[in-house]
Amino acid sequence: QQQVKQSPQSLIVQKGGISIINCAYENTAFDYFPWYQQFPGKGPALLIAIRPDVSEKKEGRFTISFNKSAKQFSLHIMDSQPGDSATYFCAAIAGRRALTFGSGTRLQVQP
Amino acid sequence: DAGVTQSPTHLIKTRGQQVTLRCSPKSGHDTVSWYQQALGQGPQFIFQYYEEEERQRGNFPDRFSGHQFPNYSSELNVNALLLGDSALYLCASSFTQNLGVSNEQFFGPGTRLTVL
């Protein structure tokens, strides 16, 4: 049972555009929602994270929007750059349990 | 401040062999989690160690075992390797503080295991 559903599977955005990746979860016990960025051959790097008592969190060009009632959250990358081209994973965790990852979104930012 | 380190970087084994992967957590962290990431997929949780004990386990057979040492470093052992065990094995470290509070997990670069 996939507890975190991520879309789209792949995304192509022009340089300077906005990249939007969406995730939906089922387990209402989740209390922490991180996003990870992964380059080929590397481990995932923590990008930004949010807790369910906040509806939005912004760090530089990256923003998480969180809708607790809909059980959905999304990552917005403003002014997307070619260096942002990577695979992005949303994840969720409940208490001290393990991270549950989405299936990933391969983002390609074209110059 | 060193981040999470893993060794070796790459490893090639044949079916039926055994392998040991190693992880040193980020400074100040006391909890180590292991994940398996198949090509093109998200990481899947194997198990987590805290206070030298396995605290929780994902849906992996007992061919997968681990250990945590007093200095918080950890090992992942896989016995009787199968072709399907070929993957990137990731170690993530975190700090267990307040009960029930989720904390950030930081990943190492991973060990790429190829089983022939």
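What you see is a predicted model, and the numbers here were worked out from it, not measured in a lab.
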Residue A/P44 versus chain B: region with a heavy atom under 4.5 Å = both
Residue part contacting chain B, namely of A/F30, when any heavy atom lies under 4.5 Å = neither
B/Q37 versus chain A, the contacting section by heavy-atom distance below 4.5 Å = side chain
Flag if over 12 foreign heavy atoms under 6.0 Å of CZ, B/R15 | no
Give the intermediate values and the outcome of side chain to side chain contact (heavy atoms under 4.5 Å, CB included) for residues B/L88 and A/Q38.
-> CA-CA 12 Å; B/L88 181 68; A/Q38 186 175 31; 3.9 Å; yes
From B/Q48 atom CD to A/L99 atom CG, the distance as rounded to the nearest 0.5 Å | 9.0 Å
Residue pairs meeting salt bridge (charged side-chain N to carboxylate O under 4.0 Å, His left out), one or both in residues 99-110 of chain A, sequence neighbours left out, come to none
Step by step, would you call B/F45 with A/F101 a side chain to side chain contact (heavy atoms under 4.5 Å, CB included)?
-> CA-CA 9 Å; B/F45 174 69; A/F101 282 86; over 6 Å; no
In terms of heavy-atom proximity below 4.5 Å to chain B, should A/A98 be classed as side chain, backbone, both, or neither?
-> both
Structural part of B/Q56 lying under 4.5 Å from a heavy atom of chain A = side chain
Is there a donor-acceptor pair under 3.5 Å between the side chain of A/Y36 and the backbone N or O of B/F107?
-> no
Transitively linked via ILVMFWY side-chain contacts under 4.5 Å: B/L21 with B/L90?
-> no
Quick one: what part of A/L46 sits under 4.5 Å from any heavy atom of chain B, side chain, backbone, both or neither?
-> side chain
Mind checking side chain to side chain contact (heavy atoms under 4.5 Å, CB included) for B/N71 and listing every partner two or more places apart, or none if nothing turns up?
-> B/F69, B/S73
Would you say A/K42 has more than 12 foreign heavy atoms packed within less than 6.0 Å of its NZ?
-> no
Bottom line for B/F47: the part with an atom under 4.5 Å from chain A's heavy atoms is neither
Going from OG1 on A/T87 to CD on B/Q41, what distance comes out if it is rounded to the nearest 0.5 angstrom?
-> 12.5 Å
Taking atom CG of A/D53 as the centre, does the number of heavy atoms from other residues, nucleotides or ligands within less than 6.0 Å exceed 12?
-> yes
Should we count CG of B/L39 as having more than 12 external heavy atoms under 6.0 Å?
-> no
More than 12 foreign heavy atoms under 6.0 Å from CD of A/Q9: is that the case here?
-> no
